[in-house]
Structure formats: C-alpha cells, structure tokens
Amino acid sequence: IASLAVTVEAVADGVLDADPTTLATLADQAGRLTRLAADLRDISDAEGGLAVHPGPCEVGVLLERARLAAAEDFSRKGVGLEVDGDPAGTVHADAQRIGQVLANLLSNALRHTPRGGRVALAATVDAAGAVITVSDTGDGIAPEHLERVFERFYRTDAARARDAGGTGIGLAVSLAIAQAHGGTLTASSPGPGKGSVFTLTLPGRA
C-alpha cells in the first residue's frame, strides 16, 4: 500500500510521468493487493472450515490446465515448465480448488527458480488416490525450514525470502485445501541451491 501511495503521489507531483512503465508498476502493485486480499479471504475461510465440492477429475487434465495457465509467466522469465510423462487416472476432488493449489505451487516455484531453470508437474494415480508433484531446480530449502514453509507469512533463508510478488499466504492456503480433501501437502529439498519438490496427495474416493 505504501509503495502504491508513493508512486501515485510522485505522478501527481510531476516527479514521475504517467508513462507505460509507471502505469505497469501501478498495475503490478494493485495486482499484489488484489492477490493479498484473495489470499486473506481464503485463509480466513480455511480457519472456519474450507468448503470443497469434490467430483471426478482427470488428473492429466488438471495438470495440463495448470501448465497452460502459467505458461506465459514462465516463458517471460525464461524458466521451462513441463508435464512429465502422461499422467492418467481419475481422482475425486474439487477441480477448482486443486487448480488453485497447483497455481500456488507453480507461482512459488517460478519465484524461486532462476532463468534457465526447469519446473515439472508429474502425477501417479491408483486405487489409493493421486500423488501430484511440482519440482523445481531453484533455490532449494534448508532442512530447518521445511516444516515451516506452510506457515502463513513465514520467510526462510535470504534466498527464499526474496519473495518477488508473493504474499506469504499461498502455501498455507494450499495446505488447507489439501487437508479439506483428506489429503496432504509436503515439501522436500536436498538443501539450498538444489531445488525442491512439493508433493500433494489426494486419497481415493471412500
């Protein structure tokens, strides 16, 4: 809010021109506020019992939709994004909410993966349910931070604290959505600079 206010004041005072660069900055700052408001709403919903509306979902379709939605941002930064293999199978889940989880995980991976890196979506499905992974070749996570990355507003080491555009709530919301499905969301990493893997599990239909 402070950054947005300062930029608007600078334009009003004539210090900055209302050129495309300045307008893009204002739009970016407004977008961050919008995302923060949405995330705060979602985390508030989660505390009161987040509602999900499960139905049959093709896992491969969920992953491909997530890839397509994020493709432009990844291309702009020069980070590869792929769906590994040919995931097949159906899971009983809320497609919109799981799409939200995948979007959060891909956004997180993109923020922490440098140009030239790679992010991959993958999944296995059987009678027990689905295991979906989002892996990256980015900053990695130190062992002492792995269990805390899902805490709202939590910042880890300096590398991952450079949260360009993140609100610090997305992973907490994603965990709440996984748990509302009776599933789990976990993080693993060999350590700083060695990438990370986020694993979403969704149980089979009871």
Side-chain angles (χ1 to χ4, degrees), residues 31 34-35 38-39 41-113 117-138 141 146 149-150 165-167 169-189 195-206:
T34 300
R35 291 194 300 274
D39 283 346
R41 179 200 61 216
D42 287 335
I43 203 66
S44 178
D45 289 345
E47 289 175 344
L50 199 151
V52 295
H53 305 284
C57 302
E58 287 291 334
V59 173
V61 172
L62 291 175
L63 268 57
E64 181 60 15
R65 285 177 179 171
R67 186 194 68 80
L68 288 173
E72 184 176 348
D73 288 338
F74 274 76
S75 177
R76 187 181 301 115
K77 187 176 178 181
V79 175
L81 175 61
E82 300 175 4
V83 175
D84 281 347
D86 186 18
T90 302
V91 68
H92 197 69
D94 185 323
Q96 184 174 2
R97 286 296 194 180
I98 298 305
Q100 184 180 356
V101 172
L102 295 177
N104 283 338
L105 294 180
L106 289 177
S107 177
N108 181 71
L110 180 60
R111 284 196 300 273
H112 300 295
T113 302
R118 179 178 183 269
V119 175
L121 287 154
T124 58
V125 187
D126 57 27
V131 178
I132 299 171
T133 60
V134 176
S135 58
D136 66 64
T137 59
I141 310 171
L146 282 172
V149 294
F150 297 102
T167 63
I169 303 176
L171 291 180
V173 171
S174 297
L175 176 60
I177 292 172
Q179 292 173 337
H181 282 82
T184 62
L185 181 60
T186 58
S188 62
S189 173
S196 60
V197 179
F198 285 79
T199 302
L200 169 67
T201 66
L202 297 170
R205 187 173 185 178

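All of these numbers come straight from a predicted model, not from anything done at the bench.
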Q: For Val59 and Ala123, which heavy atoms make the closest approach, and how far apart are they?
A: CG1-CB, 3.6 Å

Q: Quick check for you: to the nearest 0.5 Å, what is the distance between Leu146 atom CG and Ser196 atom OG?
A: 9.0 Å

Q: Is the side chain of Thr199 donor-acceptor paired with the backbone N or O of Thr186 at a distance under 3.5 Å, no angle test?
A: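 Answer holds: no.
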
Q: Please give me the minimum heavy-atom distance between Gly117 and Thr137, naming the atom from each residue.
A: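 The pair with the smallest heavy-atom distance is CA-OG1, 3.4 Å.
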
Q: Pick from Leu171, Ile177, Ile132: which one makes a side-chain contact (heavy atoms from CB on, under 4.5 Å) with Val101?
A: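 By the side-chain contact (heavy atoms from CB on, under 4.5 Å) criterion, Val101 pairs with just one of Leu171, Ile177, Ile132: Ile177.
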
Q: Verify the neighbour count for atom CD of Glu64: are there more than 12 heavy atoms of other residues, nucleotides or ligands below 6.0 Å?
A: yes

Q: Give the minimum heavy-atom separation between Ala187 and Val149, together with the two atoms involved.
A: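 Where Ala187 meets Val149 most closely, the heavy atoms are CB-CG2, 4.0 Å.
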
Q: List the atom of Leu106, the atom of Ala66, and the distance in Å for their closest heavy-atom pair.
A: CD1-O, 3.6 Å

Q: Run the side chain to side chain contact (heavy atoms under 4.5 Å, CB included) check on His112 and Asp136 step by step: do they pass?
A: CA-CA 8 Å; His112 300 295; Asp136 66 64; 5.7 Å; no

Q: Can you tell me how far apart CG (Leu200) and CG (Leu62) are? Round to the nearest 0.5 Å.
A: 10.0 Å

Q: Quick check for you: to the nearest 0.5 Å, what is the distance between Ser135 atom OG and Phe198 atom CZ?
A: 11.0 Å

Q: Donor-acceptor check, side chain of Thr113 to backbone of Ala109, threshold 3.5 angstrom: yes or no?
A: yes

Q: Should the pair Arg118-Asp84 be classified as a salt bridge under the 4.0 Å nitrogen-to-oxygen rule?
A: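 A salt bridge links Arg118 with Asp84.
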
Q: Would you please test Leu63 and Leu102 for side chain to side chain contact (heavy atoms under 4.5 Å, CB included) and show each step?
A: CA-CA 8 Å; Leu63 268 57; Leu102 295 177; 4.2 Å; yes

Q: How long is the span from the CZ atom in Phe150 to the CG atom in Leu175, to the nearest 0.5 Å?
A: 6.0 Å

Q: Val119 pairs by side-chain contact (heavy atoms from CB on, under 4.5 Å) with which of Leu110, Asn108, Leu105, Val134?
A: Val134

Q: I'd like to know if the side chain of Thr90 reaches the main chain of Glu58, judged simply by a donor and an acceptor atom lying under 3.5 Å from each other, with no hydrogens or angles considered.
A: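 No; judged by distance alone, with no hydrogens or angles, the pair does not exist.
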
Q: Which atom pair, heavy atoms only, marks the closest approach of Ser174 to Leu185?
A: CB-CD2, 3.6 Å

Q: How close do Pro54 and His92 get, counting heavy atoms only, and between which atoms?
A: CB-CD2, 3.5 Å

